[in-house]
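No hydrogens, no waters, no symmetry mates; every other heavy atom, side chains included, goes into these values. In listed order, ligands and their atoms are each counted from 1.
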Amino acid sequence: MSLPVPSSPSSPSSPSSFDVSALRQAEFPWSDETVYLNHASIGPLPERTRLALEAFNRRRAMPFRLPDRDLFGTLTECRRQISQLISASPDEIALTVNTGFGLGVMARALPLRAGDVVLVSDREFPANVYPWLRLRETGVTVELVPTTADGWPDEARLLERLQDARVRAMAVSLVQFSNGYRVDLAALSAATRRTGAWLVVDAIQGVGQVPLDLSRIEVDILACGGQKWLLSPWGSGFVYVRRELIATLSPPVTGWMAFEGTDDFTRLTAYGDTLRADARRFELITLPYQDFAGMSASLGLILELGVERIQAHLQRLHEPVLAWAARTGARVASPVGAHGSGILCLAPDGVVEVFRRLKAARIICSLREGAIRLSPHAYNTVEEMERVAAVLDGEA
Ligand SMILES: Cc1ncc(COP(=O)(O)O)c(C=O)c1O
């Protein structure tokens with residue numbers, strides 16, 4: 001399926017945009033019936049991905065049609081596409097089945113000891129909290145750093161706490177699930193480079209809608225599921241491990257292909273003891289190949305659209321709703337500007353009632369931590385957001 005990316009002739013002032021109506025038609029044919037603004041919960045599968053899954057599963061029914069080179073080739077291609085998306089190297093990518101698994105494995109892989117402190121911003125999504133809290137069993141102290149009054153990560157306080165020599169790691173989300181706050185990753189990276197603390201990022205709410213260049217901003221570990229902004233199947237995800245760190249970390253659980261030599265299926269019982277030099281030492285083969293075949297198709301779409309263009313599009317989409325909030329005085333729970341993202345949260349008076357009204361108008365969004373969370377993606381339109389503003393205004 002070819003891609004509808006050329007600039008829309010209807011918007012000559014924004015040459016970086018893509019053709020939204022062609023995108024809707026080709027990849028989201030149902031989008032004229034439902035206003036779907038819930039990508040921070042579940043990303044829909046583009047048509048190309050649905051078809052890729054179907055084609056893969058047709059072959060899966062007859063495994064002799066799926067040679068090993070296709071199975072492993074699918075995983076190799078996913079690692080390549082992911083590394084392109086985040087400006088990393090394929091050998092720094094381990095595929096995982098979700099975010100939490102990546103964070104859980106890496107929290108245990110880091111050589112944290114009794115007395116060490118891990119900083120976690122308070123009010124993080126639990127997938128980025130429980131793996132750290134479990135380390136308390138080993139004597140590690142987990143410090144939940146209070147948020148600002150707005151409920152956003154208090155970056156100044158995080159930077160201050162990093163000065164404590166006992167702080168060995170800091171875990172934050174790139175984008176907060178409940179308000180869309182985007183951290184200043186460059187500043188957190190620079191500070192952790194100075195103190196030597198590991199920087200661990202839960203990136204599921206950011207990758208696909210917020211540009212990320214790990215060749216310029218150094219992080220140590222970054223985990224991401226594919227099911228939201230990457231429009232990928234459940235069961236697809238990855239963890240990035242900075243190259244220099246890989247050889248120093250030992251996986252707490254071991255997959256049978258984590259070792260050198262295990263590509264040779266004629267000598268599987270020649271058990272070696274050399275872990276792979278690349279991030280696949282953290283992979284737990286066998287992985288759900290069909291989900292990665294789907295992820296590969298979705299990543300193809302995201303790469304063709306371009307994350308910078310997606311980001312610019314989402315900012316434009318926010319405008320009608322922000323104008324409504326400014327006019328009515330409704331509280332906007334998300335930051336706007338440098339710390340903003342594609343997630344826009346509103347906390348108007350009678351928020352639950354307003355949320356019900358949106359639902360009744362077939363506008364799909366979420367209620368999180370006392371705010372209505374709108375999370376549009378590349379194929380949503382300004383008209384849809386104007387419709388949201390009208391319903392917020394009381395229109396049925
Ligand atoms: C910040 C964040 N991390 C992780 C997850 C999900 O984790 P997992 O991929 O392990 O289901 C979510 C949402 O469900 C999230 O918002």
Side-chain angles (χ1 to χ4, degrees), residues 36-45 78 82 86 93-108 118-134 144-145 147 151-153 155 158 170-183 185 188 199-210 212 219 221-240 253 282-284 287-288 291-292 294-295 298-299 333-335 339-345 364-377:
Y36 190 79
L37 303 172
N38 211 19
H39 299 85
S41 288
I42 305 172
L45 299 180
C78 273
I82 292 162
I86 62 174
I93 308 296
L95 300 176
T96 62
V97 292
N98 56 39
T99 321
F101 184 82
L103 290 168
V105 165
M106 298 316 296
R108 292 276 170 180
V118 177
L119 298 181
V120 182
S121 178
D122 199 8
R123 303 207 208 171
E124 284 276 326
F125 190 83
N128 189 29
V129 178
Y130 288 124
W132 306 109
L133 292 184
R134 288 289 315 277
L144 289 177
V145 178
T147 59
W152 305 335
E155 294 191 55
L158 285 167
M170 177 167 69
V172 290
S173 286
L174 176 57
V175 170
Q176 289 294 312
F177 81 103
S178 62
N179 51 45
Y181 181 98
R182 174 160 54 111
V183 289
L185 199 60
L188 297 181
L199 177 58
V200 183
V201 180
D202 174 341
I204 190 173
Q205 292 292 5
V207 179
Q209 62 123 333
V210 165
L212 190 59
V219 310
I221 289 159
L222 181 140
C224 180
Q227 68 269 32
K228 299 180 192 288
W229 299 94
L230 294 178
L231 309 173
S232 295
W234 286 301
S236 64
F238 69 91
V239 61
Y240 158 90
V253 285
F282 303 106
E283 253 176 28
L284 238 69
L287 285 162
D291 298 330
F292 286 99
M295 183 188 218
S298 295
L299 289 172
S334 301
H339 288 288
S341 70
I343 297 177
L344 179 57
C345 296
I364 315 292
C365 55
S366 294
L367 189 61
R368 290 285 184 276
E369 309 290 307
I372 294 165
R373 184 178 68 183
L374 304 169
S375 49
H377 211 316

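- Close approach to I204 involves these atoms of ligand 1, each under 4.0 Å from a residue heavy atom: 1 (C), 2 (C), 3 (N), 4 (C), 5 (C), 9 (O), 12 (C), 15 (C).
- A donor-acceptor pair under 3.5 Å is absent between the side-chain atoms of H339 and the main chain of Y181, judged by distance alone.
- Between I204 and C224, the shortest heavy-atom contact is CA-SG, 3.8 Å.
- Distances shorter than 4.0 angstrom occur between a heavy atom of K228 and an atom of ligand 1.
- For atom 16 (O) of ligand 1, the nearest non-hydrogen atom of the protein is Q205 NE2, 2.9 Å.
- If you look at H377 and W229, their ring centroids are closer than 6.0 Å.
- Using modelled atom types, one side-chain atom of S334 and one backbone atom of N179 make a donor-acceptor pair closer than 3.5 Å.
- Residues R373 and S41 have side chains that bring a donor and an acceptor to within less than 3.5 angstrom of each other.
- Of all atoms in ligand 1, listed by their number and element, those nearer than 4.0 Å to a heavy atom of A127 are 4 (C), 7 (O).
- Aromatic ring pairs are classed by plane angle as parallel below 30°, tilted from 30° to 60° and perpendicular above 60°; the pair F177 and F125 is perpendicular.
- Ligand 1 lies within reach of D202, whose nearest heavy atom is under 4.0 Å from it.
- Among protein heavy atoms, atom 9 (O) of ligand 1 sits closest to T99 OG1, 2.7 Å.
- A side-chain donor from one of S366 and N38 sits under 3.5 Å from a side-chain acceptor of the other.
- Residue-ligand proximity: Q227 is placed with a non-hydrogen atom under 4.0 Å from ligand 1.
- Defined by atom type and a distance below 3.5 Å, a donor-acceptor pair is present between the side-chain atoms of E124 and Q176.
- The N/O atoms of S173, backbone and side chain alike, include none that comes under 3.5 Å of an N/O atom in ligand 1.
- For the pair G100 and ligand 1, the shortest N or O to N or O distance falls below 3.5 Å.
- Closest heavy-atom approach to atom 6 (C) of ligand 1 within the set F101, F125, F177: this belongs to F125.
- Atom numbering of ligand 1 starts at 1 in the shown order; those under 4.0 Å from a heavy atom of N98 are 8 (P), 9 (O), 10 (O).
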